[in-house]
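To start, the structure itself, in structure tokens.
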Amino acid sequence: MPNLIIQAISKRFGQTVALEDVSLTLPEAKLICFLGPSGCGKTTLLRLIAGLEQASSGKIFLGETELSAIAAHKRNIGMVFQSFALFPHLNVANNIAYGLKIRGVDKLTRLKRAEELLELVQLSGLGKRHISQLSGGQRQRIAMARALALEPDLFLLDEPLSALDAKLREAMQVELKLLQQRLGITTIVVTHDQQEAMTMADVIVVMGENRVQQIGAPLEIYHKPKNRFVADFIGSNNFIPALVKDTQSVSALGSIFEIALPKSLKVGAQVALSIRPEKLQLYSSEPPKSSKLAGTIKFIRDLGSTVETFVEVAGHELSVKGIQHLATGDKVWLSFDPADAVILEV
Amino acid sequence: MPNLIIQAISKRFGQTVALEDVSLTLPEAKLICFLGPSGCGKTTLLRLIAGLEQASSGKIFLGETELSAIAAHKRNIGMVFQSFALFPHLNVANNIAYGLKIRGVDKLTRLKRAEELLELVQLSGLGKRHISQLSGGQRQRIAMARALALEPDLFLLDEPLSALDAKLREAMQVELKLLQQRLGITTIVVTHDQQEAMTMADVIVVMGENRVQQIGAPLEIYHKPKNRFVADFIGSNNFIPALVKDTQSVSALGSIFEIALPKSLKVGAQVALSIRPEKLQLYSSEPPKSSKLAGTIKFIRDLGSTVETFVEVAGHELSVKGIQHLATGDKVWLSFDPADAVILEV
Amino acid sequence: MMILKRFFFSLVVLYLVAPLVIITGVSLNAQKRLFFPPQGLSLRWYFEFFSQAEWYLPALRSLSIAGLAALIAMSIALPLAYTVWRYDIKLARMLYFLGLAPFALPPVITALGALALWIVLQSFGKPYTVVLSHAAFLVTLPLATISLGLQSMNAESIEAATTLGADNSTVFRTIVFPYIRPYMMAGFVFAFVLSLNEYIIAFMVAGFTVETLPIKIFNSLRYGYTPVMASVSVIFFLLATLLFGLIGKFGDLPKLLGADSSSD
Amino acid sequence: MMILKRFFFSLVVLYLVAPLVIITGVSLNAQKRLFFPPQGLSLRWYFEFFSQAEWYLPALRSLSIAGLAALIAMSIALPLAYTVWRYDIKLARMLYFLGLAPFALPPVITALGALALWIVLQSFGKPYTVVLSHAAFLVTLPLATISLGLQSMNAESIEAATTLGADNSTVFRTIVFPYIRPYMMAGFVFAFVLSLNEYIIAFMVAGFTVETLPIKIFNSLRYGYTPVMASVSVIFFLLATLLFGLIGKFGDLPKLLGADSSSD
């Protein structure tokens, strides 16, 4: 199975821009997540790949084949919809075998294939059930089975787990990931949930403001966000306004920090120093470190498993995560390893 | 302001039991959270306190006064509704001053008080706005201002933040907590979100299956859950089936663990050993500890800020949280401090 | 897309407007003939309507009957709808469907039923029987619009007012009434316009003693068609349009008709 | 609570059933009088209806007209509703409101408009004019029910069928049609029953040549009341009830009427 290549795709609905000049090459046989806030265009991109929308400009290729020149019903793509979109007048087996039936496959073969797929999604023996008799989690699995029945070239899922409750969702994330690894089919999952994307994806495409913001492996995106949008959307982050002093250091909140800077930044430029809450260390007395900040604890959010401390430093509030034994109002010091900080343009 | 005492309250709607023999004494001037899954009766209990429902049996007292004998509109309770329930035909100031107006307070005094309350909720100058011109967060604050306008004896909030998006919700949790501390008014917040309860509450009342399951400070409930319902609902937890060996130890998954047991348990009883994911330590080689388990890594969920590892031990899957550098399939050892484990009846 | 939209709108407009255009054209004929397009333009049939008692008296009679019937229907509907809504919200939802009741029974049945009833009560032919029959027949319309209004109201705002110290009557005066006012108006106008145009019940109940305008039109049909009928229809239609326009201005008409306001 | 509920239900039942009870009572009179309660029980008026051509012929005529009109209305409505829904979902929502159109214009206007149109087309009085007038007048009913059905359908199931390899006609045949079938039936029955009971248009368009049953009832009113009218009304009402009962069995009636199926 070849790469999926998206070439300079734009999509407008009337006056509204949904996607602006998106180009991507997506690797084969991997699980890819389109991740972004609602309205960022991620679902539109998925629907363009499925052929359910027509691009305003640009092309989509699957290897050498121009996918965007083929009618939706001839693309051989399996898609799972957010509402699952099961056919209410057909039973489970007939839902799964729908694609086979309209291709004229005989009844015995159809039922055999439906039973195979039910086994794949761990719902053997449910073929005769009516759709209304299924739980949300079962519907989700049947929708996957139906999409996989024709052995598609691409497996697309639009927010497949958003209708499930929290505990089931977490379990299904793991299950979906393992299923994809077993089948080895190129799979694209649209989601707005960064934990879901981090759990499942081999590659995450972060989308925002109708563009691709960053593409990469989950931990690469977490630790090396390319811009403020990504740094803010993935995980939580502290953004400290800073000024470029020279090619090796910035000044922020009255202190100087030695940090490797992108070469594009000029001396005197306004930047944001971003540092993850779990990368900040908290001290009750002044530590013997070079990069440190003095502040006061404003609020402590103790969730049992993690403690988040809000520290005010020179009028700026920073969040620190990690177990500690301090109280609101305490004077504290913060320090961090400059290698953990990321300098972002503002 | 005196304690709120709930005496043997039951509530049935037709055949359905909403609350079953609930008795509570709630301290004055504190922020109390009713926490539980949907349908547990927490909103019904709040509505009984407000007088919007009548109890099937039982009484409610505010100090010496029998609250349950007073009509709802004479109780002097400020309530914030889940939908905010602002009056669409009145502007912001008239919404806030509604209670004063129907008491015949003159216009000048009303407007002055409305302006004071707008200041309190940090929305000064918005008095003339129409309700439809407000954002969700602003509506939430106006609903609070309206409920506080009459200086109520009790301040009740029904899922007050559930209509707000995640980032705003986190900020409002802190703000609501600080507001309550400044005003010193007895406040009850109904929520299904345990993080919200852990962040805000002085006292959490955990409700489930139409009863009070546990009442206590947030960390007490997190670290010393009284029963399996609480241990499962608050945070995540591993439950390991275990057998009481003697008064000092249990056997579980083929190992013996020395743990202080409740006296009520008999030798040979089936129990659950519950241990939080962050209290399990993971080793790549056998550690020199007495309480340990050998297993295999099944799946790793790396979210950047935390890593959750699923380890299979004797056919049982355990979740471990904490930074580590292992891979799926590795053989590992787990250990924990017996003091961190809780033995629960099954 | 745009073409389809335009085509579709033209179709709807044609469908609704065609009879009107024809009627208006006919009413402008200079001759006493139902020509369309009209032969010679003249307002003489409108003039005739306003000058001849045999036409304007039935019109005034119809207007009084409709006004009284709508007022009575509303006075019954308001307390009924509010009481039911306060104590049983599911029951209140059914009141909305009751709005269809006048159209559920064949009009001939309703009319014959009313006729037989008044005969039993020995009031057959009395003028007030038309008013009461119409009020009873059309009471479901204000009942439906008011129930719809109450249903679309956030029930929590009543509870909010209660916790702020308002007793039941204060809640009704300060919260409920301002909210349902446009729905009440809509119910009144629906009942008024339907009574104005109602023929069969009025005819059966008191057709030989109380000549309303629709009855007058039908009666005069026996002596052949005259463009006055057309001019009367145009005038009544303009009146109804004006009233519905007022509802449209003071209330949200699609919402009054039960459309989900949250959609699009 | 229970008392209120019972009181309310009694009221509704009384309101809907009272005219029926009276009519049925009247139809059972042994004498040729409109007595209620009936004086002497007899089925002679029913027998008269089925034995005399002056009664059963108009009835058969009404049934054929209603059947044909409803069929034509449906044949126009189905492709129109489906095309609009496929290409513009917002527009399709408007089709639902169009279902109210037959009740928006005063019946006299619609009838006069139709009359004038047929005169222009020189077809006045021809039997088929009633069928076509009714079909045009009632086409909005199947249009509304079918649009409602399409609206309540999950649009994603069409897209799902497409990704599974179905072209447009296969999608219609295998997914859309099975779903909207009960809505089509409902539209047909609505149109059928309304045509059956329609009086004014039928009378104006071809009243002197095609005597439908409602026209027959009115015509015979001139010679005094007879219980046959009541027995006819009862028979027609039973027929309508049977048809609506069938809809209720094959489709969800409240849902067909636009009720939100997600509530309670």
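By convention in this document, chain letters (A, B, ...) are assigned in the order of the sequence lines, proteins followed by strands, and residues within each chain are numbered from 1. Worth saying up front: this structure is predicted, and the values here are computed from it rather than measured.
- The most heavy-atom pairs under 4.5 Å with chain B, out of C:P178, C:S157, C:A161, C:G165, come from C:G165.
- For residues 54-82 of chain B, heavy-atom neighbours of chain C at less than 4.5 Å comprise B:A72, B:H73, B:I77, B:M79, B:F81, B:Q82, sorted by residue number.
- Only the side chain of C:N154 comes within less than 4.5 Å of a heavy atom in chain B; its backbone stays farther off.
- Ring geometry, C:F172 versus C:F177: the interplanar angle falls from 30° to 60°, so the pair is classed tilted.
- Once rounded to the nearest 0.5 Å, the distance linking CE of B:M207 with SG of B:C40 reads 5.0 Å.
- In this structure, C:L242 places its CG atom where more than 12 heavy-atom neighbours from other residues, nucleotides or ligands lie under 6.0 Å away.
- Two residues are said to be in side-chain contact when any heavy atoms from C-beta on lie closer than 4.5 Å; C:P182 and C:M185 fail this criterion.
- Proximity of a side-chain donor or acceptor of C:E198 to a complementary backbone N or O of C:I201 within less than 3.5 Å is detected.
- For B:T191, the side-chain hydrogen bond (donor to acceptor under 3.5 Å, both in side chains) criterion is met by B:E196, not counting sequence neighbours.
- Taking the side-chain contact (heavy atoms from CB on, under 4.5 Å) definition, one finds that B:V203 meets it with B:P27, B:I32, B:I215, sequence neighbours left out.
- Residues from residues 94-107 of chain B that place a non-hydrogen atom less than 4.5 Å from a non-hydrogen atom of chain C comprise B:Y98, B:G99, B:I102, B:R103, given in numerical order.
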**Study point:** Intermediate values then yes/no, side chain to side chain donor-acceptor pair (under 3.5 Å), B:S23 and B:Q7
**Key:** CA-CA 5 Å; B:S23 292; B:Q7 255 181 21; over 6 Å; no

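- The backbone N or O of C:V193 sits nowhere less than 3.5 Å from a side-chain atom of C:S195 that would complete a donor-acceptor pair.
- Looking only at distances, a side-chain donor or acceptor of C:S75 sits under 3.5 Å from a matching main-chain atom of C:L71.
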